[in-house]
Amino acid sequence: GENVEQHPSTLSVQEGDSAVIKCTYSDSASNYFPWYKQELGKRPQLIIDIRSNVGEKKDQRIAVTLNKTAKHFSLHITETQPEDSAVYFCAATVPGGSYIPTFGRGTSLIVHP
Amino acid sequence: DTEVTQTPKHLVMGMTNKKSLKCEQHMGHRAMYWYKQKAKKPPELMFVYSYEKLSINESVPSRFSPECPNSSLLNLHLHALQPEDSALYLCASSHTSYNEQFFGPGTRLTVL
């Protein structure tokens, strides 16, 4: 089955800095890569996603890049703000049947004001 | 309506109790999921119903029993749970495969 590695497990930055979280996946058939943000005590919420026919996607301060050859994808947050502090999970999905994403272990992002 | 709702928000139960968690969505999604999540860990898939057909994670103990009365409702029946089953239980739905999942707010379960 699919295996997703996520690094780092903890990331501490100063407000205004950029943050980068990286994930690698094992199954070259994976074709959908969502990123979820989970604030303390709340539900995971999709913040951005990318499909395998696209190399990069951007939404305001958030961007995701995908390298299919190397089987890795990254989340980039620019101009970080304290409200960006949360746990971020990447995921990869192999097509076919039910949508069952494989999650990374998560990155705890702390943005210091 | 673009939300997944879950009840109850919090549940405390003893190891001999029987209780049920409920989940509902009105987005016309045909796939619904139960996840278990421990603090600062990723959600772990327990069950998925896709077009009302159940797929099971073989590692889930039989004290958890899912039910899908219709395409909008999903229940999780709990019986004879253990303290290690204490966790946040998340329900999610998606339109079909290849689509994002929408998560409910979760039920915080404590087993005494």
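A note on names: the letters A, B, ... follow the listed sequences, proteins ahead of strands, and every chain is numbered from 1.
Annotation: the span from A:Phe89 atom CZ to B:Lys41 atom NZ amounts to 9.5 Å, rounded to 0.5 Å. Taking OG from B:Ser94 and CG from A:Leu46, the interatomic distance works out to 12.0 Å, rounded to the nearest 0.5 Å.
Across A:Phe103 and B:Pro42, no two heavy atoms sit closer than the pair CB-CB, 3.8 Å.
Two residues are said to be in side-chain contact when any heavy atoms from C-beta on lie closer than 4.5 Å; B:Glu100 and A:Tyr32 meet this criterion. Side-chain contact between B:Gln101 and A:Tyr36 is present, with heavy atoms from C-beta onward closer than 4.5 Å. By the 4.5 Å heavy-atom criterion applied to side chains, B:Pro105 and A:Arg43 are counted as neighbours.
Atom NZ of B:Lys40 sits in a sparse spot, with 12 or fewer heavy atoms from other residues, nucleotides or ligands closer than 6.0 Å. Shown here is A:Leu40, whose CG atom has no more than 12 heavy atoms of other residues, nucleotides or ligands within 6.0 Å. Within a 6.0 Å radius of CD in A:Gln81, more than 12 heavy atoms belonging to other residues, nucleotides or ligands are found. Summarising the local packing, CD of B:Glu84 is surrounded by more than 12 heavy atoms from other residues, nucleotides or ligands at distances under 6.0 Å.
For a residue to count as touching a neighbouring chain, one of its non-hydrogen atoms must lie under 4.5 Å from one of that chain's; by this rule A:Gln38 touches chain B with the side chain only. Within the 4.5 angstrom heavy-atom criterion, no atom of B:Glu44 approaches chain A.
Placement of A:Val20 and A:Ile62 in two distinct hydrophobic clusters is found when ILVMFWY residues are connected by side-chain heavy-atom separations under 4.5 Å, directly or transitively. A continuous path of Ile, Leu, Val, Met, Phe, Trp and Tyr side chains, each step under 4.5 Å between heavy atoms, connects A:Leu109 with A:Phe73, placing both in one hydrophobic cluster. B:Met27 and B:Leu73 are not part of a single hydrophobic cluster, where members link through side-chain heavy atoms under 4.5 Å apart.
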Task: Trace of the side-chain contact (heavy atoms from CB on, under 4.5 Å) decision for B:Phe102 with A:Gln45 - done: CA-CA 7 Å; B:Phe102 291 82; A:Gln45 290 197 297; over 6 Å; no
